[in-house]
Number of protein chains: 2
Amino acid sequence: MTERTPVPPPHPAQDVTEHVGYRLKRTAAALRGAMDRALREHGLTVPQYSCLELLDERPGLSNADLARGTFVTRQSANVVLRGLGDAGLITRPATADHGRALPAHLTPAGRERLHAARGAVYAVEARMITGVPADRLPALLADLDAMTEALGD
Amino acid sequence: MTERTPVPPPHPAQDVTEHVGYRLKRTAAALRGAMDRALREHGLTVPQYSCLELLDERPGLSNADLARGTFVTRQSANVVLRGLGDAGLITRPATADHGRALPAHLTPAGRERLHAARGAVYAVEARMITGVPADRLPALLADLDAMTEALGD
DNA sequence: CGACGCATGTCAAAATGCTGACATGACCGA
DNA sequence: TCGGTCATGTCAGCATTTTGACATGCGTCG
């Protein structure tokens with residue numbers, strides 16, 4: 001069987017709650033909850049805000065691009081985009097001029113809504129990094145990247 | 001609550017992908033995917049494995065306890081527990097003897113399944129912390145904890 | 001004792017996300 | 001030119017999760 005690894009724990013970790021994965025999941029869950037609460041006042045969900053932020057930064061992103069950027073499937077991203085379009089926050093051409101990708105763009109209303117919500121989200125992030133020494137932040141980001149890449153990206 | 005950081009952003013971060021939240025979400029998504037793939041061979045989902053691990057560590061946990069431990073609602077945890085019970089991996093008394101909480105316990109089959117899957121999960125975690133200097137791991141865990149606590153836990 | 005708050009388990013309905021599948025259009029190598 | 005390959009958008013079905021609500025049991029305080 002797969003018992004070739006005698007499970008040599010590099011570090012004791014007799015408690016599951018000591019594992020990196022558990023902590024990671026816990027922090028991500030806390031962040032998700034805080035963002036949900038912060039965005040509710042602005043009438044946005046986390047996936048919606050993520051798409052808006054991505055589109056503000058790089059206008060013309062396609063549905064598949066946004067799906068990759070928000071770590072969901074194309075189908076889920078399509079639902080989000082449809083909702084944003086119905087709300088008048090983004091526009092998408094009915095037909096593609098080049099390939100099959102439909103480039104999405106923020107409407108003035110979308111930009112306005114994003115700017116309003118951005119303050120709340122940034123406040124959450126600022127609150128989150130409270131307690132983390134500023135000089136250790138780069139190392140933290142680097143470690144997160146290293147872990148992501150080690151998992152096959 | 002003195003704003004000792006009057007400077008708008010302590011670090012530029014003109015790009016969303018530079019934000020801590022984005023990296024955190026990305027790493028958590030990668031971990032979730034890797035764990036899904038690793039557990040599929042053992043016929044378990046991530047929530048199921050989480051419950052099994054928690055129950056192995058602290059037998060007698062109630063449904064609500066497991067919900068809190070896996071960061072989901074009681075209803076979701078109930079579905080997971082029902083599935084584990086149908087699979088014969090856990091047992092739960094039909095009636096509560098003290099309060100209303102029904103203490104769950106691993107069956108021998110559940111313990112065996114958990115031990116088999118644990119190797120795969122630990123391998124994923126070991127692979128994830130590849131690239132992260134071992135001496136910086138404690139700081140990483142501490143930072144994750146600090147961020148979680150700062151978000152109100 | 002009795003009422004209230006609180007936690008728990010559970011049901012029903014809705015929202016959300018994913019898997020599988022299909023058709024279309026661009027790109028590339030033979 | 002043509003055939004294969006890949007990426008995209010979209011549809012349908014299913015699984016998972018959440019929201020909202022309700023009943024039950026315990027503890028506490030009046």
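Lettering of chains follows the sequences in order, A, B, ..., and the numbering in each one begins at 1. Because only heavy atoms are used, hydrogens play no part in the values below, and waters and symmetry mates are left out as well, while side chains stay in.
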### Message
Taking salt bridge (charged side-chain N to carboxylate O under 4.0 Å, His left out) as the definition, give me every residue that meets it alongside B:Arg74, ordered by chain and number, with sequence neighbours left out.
### Response
none

Atom pairs under 3.5 Å, N or O on each side, protein against nucleotides 21-28 of chain C: can you list them with distances?
unit_1	atom_1	unit_2	atom_2	d
C:dA23	N3	A:Arg100	NH1	3.3
C:dA26	OP1	A:His98	O	2.6

### Message
I'd like to know if the side chain of B:Arg127 and the backbone of A:Ala150 have a donor-acceptor N/O pair within less than 3.5 Å.
### Response
yes

### Message
On DNA chain D, does the nearest nucleotide to A:Arg40 precede the nearest nucleotide to A:Pro103 from the 5' side, or the other way round? Give the residue.
### Response
A:Pro103

### Query
Out of C:dC18, C:dT10, D:dG9, which nucleotide sits closest to the side chain of B:Arg92?
C:dT10

### Task
Take atom CG of A:Leu102 and atom C1' of D:dA7, then tell me their distance rounded to the nearest Å.
13 Å

### Task
List for me each residue that meets side-chain hydrogen bond (donor to acceptor under 3.5 Å, both in side chains) alongside A:Asp145, sequence neighbours excluded, and say none if there are none.
B:Arg23, B:Arg26

### Task
Any pair with a residue in residues 35-54 of chain A that passes salt bridge (Lys or Arg N to Asp or Glu O under 4.0 Å), sequence neighbours left out, goes on the list, sorted by first then second residue, please.
A:Arg32-A:Asp36, A:Glu53-A:Arg118

#### Entry: Set of residues satisfying salt bridge (charged side-chain N to carboxylate O under 4.0 Å, His left out) with respect to B:Arg113, sequence neighbours excluded
none

### Message
Once side-chain hydrogen bond (donor to acceptor under 3.5 Å, both in side chains) is applied, what residue pairs with a partner in residues 133-144 of chain A remain, sequence neighbours excluded?
### Response
A:Arg136-B:Asp143, A:Asp143-B:Arg136

### Query
In chain order, what residues pass the side-chain contact (heavy atoms from CB on, under 4.5 Å) check against A:Ala142, with sequence neighbours excluded?
none

### Message
Can you pull out the residues from residues 61-68 of chain B that lie within a 4.0 Å heavy-atom distance of DNA chain C?
### Response
B:Ser62, B:Asn63, B:Ala64, B:Arg68

### Task
Please state how far atom CG in A:Asp36 lies from atom P in C:dA15, giving the value in whole angstrom units.
16 Å

### Query
In chain order, what residues pass the side-chain contact (heavy atoms from CB on, under 4.5 Å) check against A:Ala120, with sequence neighbours excluded?
A:Ala38, A:His42

#### Entry: salt bridge (Lys or Arg N to Asp or Glu O under 4.0 Å) partners of residues 103-112 of chain B, not counting sequence neighbours, each pair once
none

### DNA chain D contacts made by residues 76-88 of chain A, counting heavy atoms under 4.0 Å
A:Asn78, A:Arg82

### Message
According to salt bridge (charged side-chain N to carboxylate O under 4.0 Å, His left out), who are the partners of B:Arg82, at least two apart in sequence or on a separate chain?
### Response
none

